[in-house]
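Data first, discussion second: the structure below is written as structure tokens.
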Amino acid sequence: MDLHLKSALNDKQYIGASTIEGPVLIIAGAGSGKTRMITYRIAHMLEQGIPQSHILALTFTNKAAAEMAERVRDLTRAKLPKLTTSTFHAFGVMVLRAEISHLGYDNNFTIYDQADIMALIKNVVRELKIPLEEVDLYELNNLFSSIKTKRSVWTAETSQYREIYDEYLLHLKAYNAVDFDDLIMLPLRLFEEHPAVLEKYRSRFNYIMVDEFQDTSHAQYKMVLLLASEHRNICVVGDDDQSIYSWRGADYENLVNFERDFPEVTEIKLEQNYRSTGNILHAANSLIANNTKRKKKNLWTGTEHGRTIVLHHPEDDEQEAQFICSKIKELSFSHGLTYVDFGVLVRTNSLLSTLEQAFLQEQIPYTVSGGQSFFSRKEIKDVIAYMRLLTNPDDNMNFLRIINTPRRGIGRVSIESLRSYAKSHHLSLFSAVSKLAYDMNAPIRDRLRDTCREFTELIELYKSRLFSKRDMAKTIRNLVGDIDYRDHLISEHPDNERIVQWKMKNIEIFINMFERWEKNPDNLDPNIYEYLNRISLTTKDDNDKETGKVNLMTIHASKGLEFNTVFLAGVEDHIIPHARSIEEDEMNIEEERRLFYVAITRAQQSLYMTSCSQRKVMRELIDTIPSRFIEEIPQELITHEEADAESTPEQAVDFFAKLKAKLAT
DNA sequence: CGCCAAATTATTTTT
DNA sequence: TAATTTGGCG
């Protein structure tokens with residue numbers, strides 16, 4: 001390995017990459033080659049003989065973590081199986097898998113996602129006999145999260161929900177389940193209460209790096225602090241202008257905290273932008289200058305002004321999608337771009353569906369990142385629920401999900417009697433069912449007992465198969481066949497053959513994914529617990545290589561990425577800045593602005609923005625007005641492009657002429 | 001006691 | 001629009 005650090009990096013990046021001992025704080029503006037610097041830094045460490053297993057690099061998204069690892073591997077041409085690059089949450093899972101028994105959980109714990117949590121809270125509310133319409137489950141979820149992570153404390157207003165919260169915690173523990181916040185808070189507790197555990201991870205990870213540091217929460221920062229305070233080899237990289245996760249506890253003040261906790265810090269500012277044209281950067285700088293609470297930065301570029309930013313005003317969201325599709329087709333011919341060069345960004349997931357439909361219709365290949373996860377489709381969740389119950393019999397939530405899916409004739413009343421039986425015997429629901437199946441004195445009907453026996457036998461059979469046989473995927477495939485899941489789907493969708501086909505196909509895709517993972521020779525320990533944990537933290541099939549496709553995503557999901565050409569759709573007031581965000585707190589306007597800033601700075605060469613005059617929201621058409629942020633961009637940088645020229649016959653002819661020419665070469 | 005069909009309600013961002 | 005909940009029927 002021969003890195004040539006000095007010629008590969010600029011002076012500032014060089015300092016960042018080569019200062020591997022002691023604390024380093026890097027303020028890295030958008031597009032300043034931050035990822036490049038981090039990659040070189042890790043490669044450099046390896047070159048200096050630091051073992052890969054001693055390095056810990058933390059980020060916020062799986063995508064960023066995977067990309068970092070890949071780039072280091074490319075640079076070093078080594079496999080690096082022991083290099084830990086992961087998200088905070090995945091790191092938490094790793095710690096918990098090894099140490100959670102210190103806290104009285106079993107290490108086959110289940111991770112509940114937000115949907116699971118909502119369902120659990122709903123159950124608890126019902127159990128406490130509180131009418132459902134008296135509580136807002138979504139708000140309870142938020143409240144509980146901020147209580148757990150110590151972002152807020154009980155107040156006169158919220159303390160009425162304390163009973164629900166306590167009950168919620170008891171349920172989680174009893175089900176041997178953890179929520180996303182636990183993935184940070186429990187490791188933190190382990191580190192604080194079990195010095196031997198802390199020592200173990202401290203001495204293993206001698207070199208720690210945190211990317212997107214402005215998005216760390218206090219708890220996450222505390223975790224890093226505990227790990228690094230002794231060896232002090234800690235490098236954090238961030239940009240306060242790109243802090244877009246304050247709603248889940250991110251606090252860019254951690255940049256200041258870091259300076260306080262590591263006074264001997266080496267500070268570096270990366271201000272040269274290598275990504276965008278002068279115009280795009282100028283627009284971004286002007287916009288973000290409107291924020292009051294920020295570190296002054298002077299982001300500059302040596303490149304040309306480039307094209308102006310195009311602003312288009314379609315009638316409605318369908319025309320907007322149409323405009324984007326035809327622009328993509330047009331540009332891929334006239335500018336020699338391919339589909340991967342395009343990113344289409346939106347503020348909210350709901351804006352994605354109209355776009356998706358248009359892309360399908362226009363036959364433009366695309367992938368959606370973020371948004372509704374593949375794993376949260378109903379049919380997939382059902383299969384996962386079976387897998388979870390097989391691995392963790394205490395998991396009542398997943399038990400409830402599948403006990404009557406497919407229909408086994410266990411309805412509300414039967415479940416109630418199972419519940420009371422379980423409660424009086426201090427058993428989980430599944431254990432209660434297995435006991436009831438053979439308990440002739442239990443006060444239940446014969447039919448219910450028969451069903452219990454059948455269900456117990458089914459689960460026990462597959463449990464033994466799953467843990468004795470090599471081929472876990474095949475076992476799951478057989479299970480899906482055994483329970484006649486297809487018939488279940490048919491009865492759920494009586495006159496919709498297509499949807500049944502589609503859902504069965506999804507299950508097959510899921511099981512194939514599992515199989516590929518299980519049989520991957522690079523996978524050192526293919527065990528089902530790892531797989532289930534893994535998919536709780538990801539939204540996407542990571543085998544799905546996004547080659548040759550247009551990227552559609554939310555602005556949040558786009559952080560850390562870049563595209564030759566960016567389309568920013570729905571640049572309307574109430575969407576960005578989002579109405580609910582402003583409603584919540586006037587001050588949120590600054591975070592919305594940062595979001596807009598992140599979106600703009602994803603673009604390398606061209607930026608298109610669209611702002612509709614009307615938009616379909618749910619059922620009805622709503623009149624909309626352009627985003628106030630457009631006025632914060634110097635108007636000379638913007639060209640207003642009028643109505644859809646691509647649909648004129650002349651243009652069509654021209655388009656096909658170009659297509660022909662292209663095909664001829 | 002379970003099941004079906006009509007009624008209802010939900011949409012900010014994510015690990 | 002689609003999934004989930006509720007009320008009445010078999």
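The sequence lines fix the lettering, A, B, ..., with proteins before strands; numbering per chain opens at 1. Side-chain atoms are counted along with the backbone in the values below, which use heavy atoms only and exclude waters and symmetry mates.
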In whole angstroms, the gap separating P of B:dC4 from CD of A:E492 amounts to 9 Å
Assuming nearest nucleotide by heavy-atom distance, tell me which of A:R347 and A:G409 is located more 5' along DNA chain B.
A:G409
Please find out if less than 6.0 Å separates the ring center of A:F342 from that of A:F563.
no
Verdict with supporting geometry, A:K616 and A:D316, salt bridge (charged side-chain N to carboxylate O under 4.0 Å, His left out):
CA-CA 7 Å; A:K616 206 178 222 161; A:D316 57 23; over 6 Å; no
Using the P atom as the reference point in each nucleotide, state the distance between C:dT4 and B:dT11 in Å, no decimals.
12 Å
Taking only residues two or more places apart in sequence or in another chain, which ones pass side-chain contact (heavy atoms from CB on, under 4.5 Å) with A:R126?
A:K122, A:N123, A:L132
Given atom NZ of A:K616 and atom P of C:dT1, what is their separation to the nearest angstrom?
7 Å
B:dT13 phosphate, OP1 or OP2, under 4.0 Å from A:N349 side-chain N/O:
yes
Would you write the dot-bracket representation of DNA chain B, where each base gets (, ), [, ], | or . depending on whether it forms a Watson-Crick or G-U pair under 3.5 Å and with which partner?
||||||||||.....
Mind calculating the distance between CZ (A:F180) and P (B:dT13) to the nearest angstrom?
15 Å
Given A:D241, A:D240, A:D239, the one that forms salt bridge (charged side-chain N to carboxylate O under 4.0 Å, His left out) with A:R294
A:D241
Using a heavy-atom cut-off of 4.0 Å across all strands, would you classify A:Q114 as base, sugar-phosphate, or nothing?
base
Between the protein and nucleotides 4-10 of chain C, which nitrogen or oxygen pairs come in under 3.5 angstrom?
unit_1, atom_1, unit_2, atom_2, d
C:dT5, OP1, A:K122, NZ, 2.2

Going by 5.5 Å between centroids and 30° between planes, is there a stack of A:W247 over B:dT12?
no
B:dT15 base to A:H89 side chain: any donor-acceptor pair below 3.5 Å?
yes
Does a donor on one side chain sit under 3.5 Å from an acceptor on the other, for A:N588 and A:D585?
no
Reckon A:Y138 touches a base, only the sugar-phosphate, or nothing at all at heavy-atom distances under 4.0 Å?
base
For the pair A:F510 and A:F375, name the ring-plane relationship: parallel under 30°, tilted 30 to 60°, perpendicular over 60°.
perpendicular
Between A:I410 and A:H556, which is nearer to the 5' end of DNA chain B once each is assigned its nearest nucleotide?
A:I410
Among B:dT14, B:dT15, B:dT12, the nucleotide that comes nearest once only the side chain of A:L537 is considered:
B:dT15
Looking at every strand, decide which applies to A:Q220 at a 4.0 Å heavy-atom threshold: base, sugar-phosphate, or nothing.
nothing
Provide, to the nearest angstrom, the distance between the CE atom belonging to A:M118 and the C1' atom belonging to B:dT14.
14 Å
Are A:H89 and A:F60 an aromatic pair, judged by ring center distance below 6.0 Å?
no
Do the side-chain N or O atoms of A:S350 get closer than 4.0 angstrom to the phosphate oxygens (OP1, OP2) of B:dT12?
no
Side-chain H-bond candidate by donor/acceptor type, A:S611 with A:E572, under 3.5 Å:
no
For the aromatic rings, using the six-membered ring if either is Trp, is the centroid distance between A:Y485 and A:H488 under 6.0 Å?
yes
Is there a side-chain polar atom (N or O) of A:N404 under 4.0 Å from OP1 or OP2 of B:dC3?
yes
Closest approach to the side chain of A:R407, judged atom by atom: which nucleotide of B:dT11, B:dC4, B:dT12 is it?
B:dC4
Verify the distance criterion only: is there a donor paired with an acceptor across the side chains of A:S353 and A:E356 at less than 3.5 Å?
no
Starting at CG of A:L96 and ending at C1' of B:dT15, how long is that distance when rounded to a whole Å?
14 Å
In whole angstrom, what separates A:R594's CZ from B:dT12's C1'?
15 Å
